[in-house]
Amino acid sequence: MPPRKNACSECPFRRNSAPGYLGSASHDPEGFLHPHWHGERKLPCHMEIDWEVSDLDKEIAVESANHCLGYLTLMRNACKLPRDAEAKKLLSSVDRNSSDFFSFPQEFYLHHKDPGK
């Protein structure tokens, strides 16, 4: 599915997002981002998934959900080109926006890191 037209106001890839808040992955930004950035797993918009359902229902919901526009913008800002043809096509429809979204994973990690570490 294509990304949403506008990123959610709570999108964790926004520079003004709540620091450290990543749902169940709060304060583990590397663990949150790694399977998507390195494994190129789809990252759906968090507003479209009911995370309280069974794993099978979650898997089905992830496949039918829109891609996270904030994550796609981070990829665009960082010049990350996915290997997957569908993801490449989606990424080409997204504009760079480093004023509202992080430009590199390191910025995301620093924003969401556990302040106790």
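- Glu40 has a carboxylate O that lies under 4.0 Å from a charged side-chain N of Lys80, or vice versa, which qualifies the two as a salt bridge.
- For the residue pair Arg15 and Ser98, the shortest heavy atom distance occurs at NE-O, 2.8 Å.
- Inter-residue side-chain proximity for Arg76 and Asp95 is flagged as unmet; no heavy-atom pair is nearer than 4.5 Å.
- Between Cys79 and Arg96, some side-chain heavy-atom pair lies under the 4.5 Å cut-off.
- When side chains are defined from C-beta on, Phe108 counts as touching Leu22, because their heavy atoms get closer than 4.5 Å.
- Closest heavy-atom contact between Pro105 and Leu33: CB-CD2, 3.9 Å.
- Taking the side chain as every heavy atom from C-beta outward, Cys11 and Ser17 never approach each other to under 4.5 Å.
- Closest approach of Leu91 and Leu72 over heavy atoms only: CD1-O, 3.2 Å.
- Of the inter-residue distances, the one linking Leu90 atom CG with Leu69 atom CG reads 10.5 Å to the nearest 0.5 angstrom.
- Ser26 and Asp28 share no side-chain donor-acceptor pair at under 3.5 Å.
- The two residues Ser9 and Arg14 have their closest heavy-atom pair at O-CD, 3.7 Å.
- Note on Lys113 versus Glu30: no salt bridge recorded, every NZ/NE/NH1/NH2 to OD/OE distance being 4.0 Å or above.
- Within the model, atoms CG of Asp100 and CG of Asn16 stand 7.5 Å from one another, a figure rounded to the nearest 0.5 Å.
- Not a single donor-acceptor pair under 3.5 Å links the side chain of Lys89 to the backbone N or O of Asp84.
- Counting heavy atoms from C-beta outward, Pro44 and His67 have side chains that stay 4.5 Å or more apart.
- Considering OH of Tyr21 and NE2 of His27, their distance stands at 10.5 Å, rounded to 0.5 Å.
- In this structure, Phe101 and Asn77 have side chains that are in contact, with non-hydrogen atoms separated by less than 4.5 Å.
- The aromatic ring centroids of Phe13 and Tyr71 lie less than 6.0 Å from each other.
- Looking at His112, its side chain does come within 3.5 Å of a backbone N or O of Pro12 through a donor-acceptor pair.
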